[in-house]
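Here is the structure we will look at.
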Amino acid sequence: DTEQLQVWVNMSISYAEVLQQMIDESYNQENGTKISIALMPNEQKLILANASGNNPDVVLGINFYTPYELAIRGAAKDLLEYEDFASFHQSQYNVAGLVPLAYDGGIYGAVDSLNYQVLFYRKDILESLELPVPETWDDVKDMMPTLLRYSMNFSTSLATGSSFKTFNMTGPFIYQNGGDFYSPDGANVAFNNSAGQEGLLQMTELFRVYSLTESNANFFNSFRYGETPLGVGNFSTYVQLMTAAPELEGKWGIALIPGELQEDGSVAYYQAADSTASMIFDNTDKPDEAWDFLKWWLSSETQAEFSNRLESTYGPAYRWNTANLKAFAQLPYPEEDKQIILEQISYQKETGRHPAGYMVEREVSNIWNQVVVNGKGLTESIDRAVIASNREIIRKLQEFGFMDENGNLIKPYTTEDIIAWMKEREGGGESETD
């Protein structure tokens with residue numbers, strides 16, 4: 001071929017070198033291509049490159065929300081246009097991960113890595129305090145007096161971030177209580193209904209009434225030194241504990257994130273997990289070649305091989321947190337940990353992207369800050385957030401053609417029924433599911 005597929009990657013040099021080796025040995029050999037990946041120092045350049053017509057055909061490893069940002073501007077290719085996308089994806093990945101990559105009936109990327117979150121706990125400390133591993137947030141509330149008595153605490157993702165609380169931090173409390181951020185038609189917010197208010201009450205009450213730590217700059221260190229013997233951590237925390245805390249070997253474990261007891265007796269452990277994604281640009285003149293390459297990258301064989309090569313070359317600190325569930329099952333985790341992580345991923349619940357999502361995310365974050373940090377009332381804080389959010393929703397839905405100038409909805413804005421979208425584009429055929 002005189003003109004090769006252009007592939008950009010948002011990875012460090014060490015990761016990209018391993019990927020290029022695999023492309024040369026496997027993909028290029030089998031397909032007679034000469035694909036060379038290009039490092040992308042800043043993914044914001046994608047928007048500029050697209051505006052100037054110099055964008056690549058395929059991009060790997062970008063933030064999971066970037067395909068949506070490009071799709072809403074008409075720059076990303078709808079993967080549902082490929083007949084085998086639905087069956088390919090559903091046989092190896094968690095469909096829930098596609099929610100933030102969906103827009104107006106299309107799916108514009110595929111998640112390639114996860115930043116799963118689980119509960120980390122110190123076995124030795126809980127045993128000495130005669131405390132069980134909590135399953136629900138009520139269990140956490142019950143153990144807080146004992147922890148505080150010994151100058152210890154419980155760390156959540158809300159404490160480990162900045163003052164800005166993302167959907168990934170606030171979402172679990174909303175979803176576990178049966179709420180949502182948006183109404184089904186996307187025309188206004190829904191976190192002010194009874195279920196949403198219950199979730200927000202729980203999210204703020206844990207700090208105001210039960211004194212969970214509001215700020216934990218380094219959960220790994222506070223966990224290591226026993227200051228927070230329990231807490232919500234992510235993939236990075238797991239790798240750190242495995243590689244940089246040899247003195248804790250055998251003294252810690254992981255469990256599902258604390259959840260909310262449901263009426264049927266089950267527990268909802270909903271948690272977000274998406275990390276990075278891959279996509280194809282809509283203006284590619286090699287759509288079939290781009291899809292073939294993307295399938296190769298997302299396949300369980302490539303994902304498992306990529307992770308194994310990284311780890312064998314650079315050590316366990318370079319473990320690849322693949323989103324491919326078949327590949328993940330082959331990674332060298334202790335079997336007990338692997339099963340817990342896979343079970344937590346089965347409760348993956350992502351927040352769909354919305355044109356006004358940045359405002360809704362900020363306003364829900366403000367609710368936490370106003371109530372927990374500034375001591376304001378919850379109802380007052382929710383009301384203020386609803387007014388600001390709904391005003392911006394109207395403005396953005398009008399901008400993107402979902403609402404007319406009088407505020408009447410032209411068509412609903414929803415990203416919920418991903419599986420239905422897949423089957424519709426697939427021609428209604430059955431597809432393999434997990």
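The first residue of the sequence shown is numbered 1, and numbering continues consecutively from there.
With salt bridges taken as basic N to acidic carboxylate O contacts below 4.0 Å, one links Arg309 and Glu25. Under the 4.0 Å criterion applied to side-chain N and carboxylate O atoms, Lys411 and Asp185 are not assigned as salt-bridge partners. The pair Arg224-Glu247 counts as a salt bridge, with a side-chain nitrogen and a carboxylate oxygen less than 4.0 angstrom apart. Using a 4.0 Å cut-off between a side-chain N of Lys or Arg and a carboxylate O of Asp or Glu, Lys295 and Asp84 qualify as a salt bridge. A salt bridge does not link Arg208 to Glu205: none of the charged nitrogens lies less than 4.0 Å from a carboxylate oxygen.
In the displayed structure, Tyr318 atom OH is contacted under 6.0 Å by at most 12 heavy atoms of other residues, nucleotides or ligands. Atom CD of Glu135 has 12 or fewer neighbouring heavy atoms from other residues, nucleotides or ligands inside a 6.0 Å radius. The environment of OH in Tyr65 is sparse: at most 12 heavy-atom neighbours from other residues, nucleotides or ligands sit within 6.0 Å. Taking a 6.0 Å sphere around OH of Tyr270, one finds it holds 12 or fewer heavy atoms contributed by other residues, nucleotides or ligands.
Using modelled atom types, one side-chain atom of Asn31 and one backbone atom of Tyr27 make a donor-acceptor pair closer than 3.5 Å. Although no hydrogens or angles enter the test, the distance criterion places no donor-acceptor pair under 3.5 Å between the side chain of Glu392 and the main chain of Met359. Remark: side-chain polar atoms of Ser183 are paired, donor with acceptor, to backbone N or O of Asn188 under 3.5 angstrom. Panel note: side chain Arg122, backbone Phe223; a donor-acceptor pair is recorded below 3.5 Å. Remark: the backbone N or O of Ile23 is not paired with any side-chain donor or acceptor of Ser26 at under 3.5 angstrom. Asn177 places no side-chain N or O within donor-acceptor distance of the main-chain N or O of Gly179, the cut-off being under 3.5 Å. Judged purely by atom type and a 3.5 angstrom limit, Asn54 has no side-chain atom pairing as donor or acceptor with the backbone of Asn50. No donor-acceptor pair closer than 3.5 Å links the side chain of Lys376 to the backbone N or O of Val373. Using a distance-only test at 3.5 Å, with no hydrogens or angles considered, a donor-acceptor pair links the side chain of Thr243 to the main chain of Val239. Side-chain N or O atoms of Gln262 include none that pairs as donor or acceptor with a backbone N or O of Val267 at under 3.5 Å.
A side-chain donor from one of Thr276 and Ser113 sits under 3.5 Å from a side-chain acceptor of the other. The closest side-chain donor-acceptor pair between Thr284 and Asp57 falls under 3.5 angstrom. A donor atom on one side chain and an acceptor atom on the other are found under 3.5 Å apart for Asp274 and Gln348. Side-chain N/O atoms of Ser381 and Gln370 include no donor and acceptor closer than 3.5 Å. A side-chain donor-acceptor contact under 3.5 Å links Gln202 and Glu260. Checked by atom type, the side-chain pair Glu311/Trp320 shows no donor-acceptor distance below 3.5 Å. Counting only N and O atoms by type, the side chains of Asn55 and Asn283 include a donor and acceptor under 3.5 Å apart. Defined by atom type and a distance below 3.5 Å, a donor-acceptor pair is missing between the side-chain atoms of Ser155 and Thr228. No side-chain donor-acceptor contact under 3.5 Å links Gln4 and Thr33.
In this structure the side chain of Gln339 never reaches within 4.5 angstrom of the side chain of Glu343, judged on heavy atoms. Side-chain atoms of Pro355 and Glu399, non-hydrogen and from C-beta on, never get closer than 4.5 Å to each other. Using a 4.5 Å heavy-atom threshold, the side chains of Val111 and Leu101 count as touching. Put simply, the side chain of Val189 reaches to within 4.5 Å of the side chain of Val360, judged on heavy atoms. The shortest side-chain heavy-atom distance between Tyr82 and Phe88 does not fall under the 4.5 Å cut-off. In this structure the side chain of Ile174 reaches within 4.5 angstrom of the side chain of Phe181, judged on heavy atoms. At a threshold of 4.5 Å between non-hydrogen side-chain atoms, the residues Lys396 and Met403 do not count as touching. Put simply, the side chain of Phe173 does not reach to within 4.5 Å of the side chain of Trp368, judged on heavy atoms.
Annotation: cation-pi pair Lys338/Tyr333 absent, no NZ/CZ under 6.0 Å from the ring centroid and within 45° of its normal.
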| message | Using the rule given for side-chain hydrogen bond (donor to acceptor under 3.5 Å, both in side chains), can you reason through Asn234 versus Gln117, listing the C-alpha separation, both sets of side-chain angles and the distance that settles it, and then say yes or no? | response | CA-CA 4 Å; Asn234 55 22; Gln117 296 192 74; 5.6 Å; no

| After noting the C-alpha distance and the side-chain angles of Tyr238 and Trp252, does the key distance pass the ring-ring contact (aromatic ring centres under 6.0 Å, His included) rule? | CA-CA 10 Å; Tyr238 188 93; Trp252 63 277; 5.6 Å; yes

| request: Run the numbers on Tyr314 and Tyr15 for ring-ring contact (aromatic ring centres under 6.0 Å, His included), then give the verdict. | output: CA-CA 10 Å; Tyr314 300 108; Tyr15 283 71; 7.6 Å; no

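Considering all non-hydrogen atoms of both residues, Thr213 and Phe154 come closest at CG2-O, 3.3 Å. Considering every non-hydrogen atom in both Leu98 and Gly109, the closest pair reads CD2-O, 3.6 Å. In terms of heavy atoms, Gly106 sits closest to Leu80 at CA-CD1, 4.2 Å. When all heavy atoms of Pro134 and Val140 are compared, the closest pair comes out as CB-CG2, 3.9 Å. For the pair Phe207 and Leu212, the tightest heavy-atom approach, listed with the atom from each and the gap, is CD2-O, 3.4 Å. Gly259 and Tyr269 make their closest contact through N-CD2, 3.9 Å (heavy atoms, listed as atom of the first residue, atom of the second, distance).
Rounded to the nearest 0.5 Å, atoms CD (Glu69) and CG (Asn63) are 10.0 Å apart. Annotation: the span from Gln330 atom CD to Glu305 atom CD amounts to 10.0 Å, rounded to 0.5 Å. To the nearest 0.5 Å, atom CG of residue Leu378 and atom CD of residue Gln197 are 7.0 Å apart. Taking CG from Leu114 and CZ from Phe64, the interatomic distance works out to 11.0 Å, rounded to the nearest 0.5 Å. Taking CD of Glu227 as the start and CG of Asn218 as the end, the distance is 10.0 Å to the nearest 0.5 Å. A distance of 11.0 Å separates CD of Glu380 from CD1 of Ile382, quoted to the nearest 0.5 Å.
Residue Trp297 is tested with Asn324, Asp112, Thr302 for a side chain to side chain donor-acceptor pair (under 3.5 Å); the sole match is Asp112.
The ring pair (Phe, Tyr, Trp, His ring centres under 6.0 Å) contacts involving residues 182-206 comprise Tyr182-His354, where partners must be two or more places apart or lie in separate chains.
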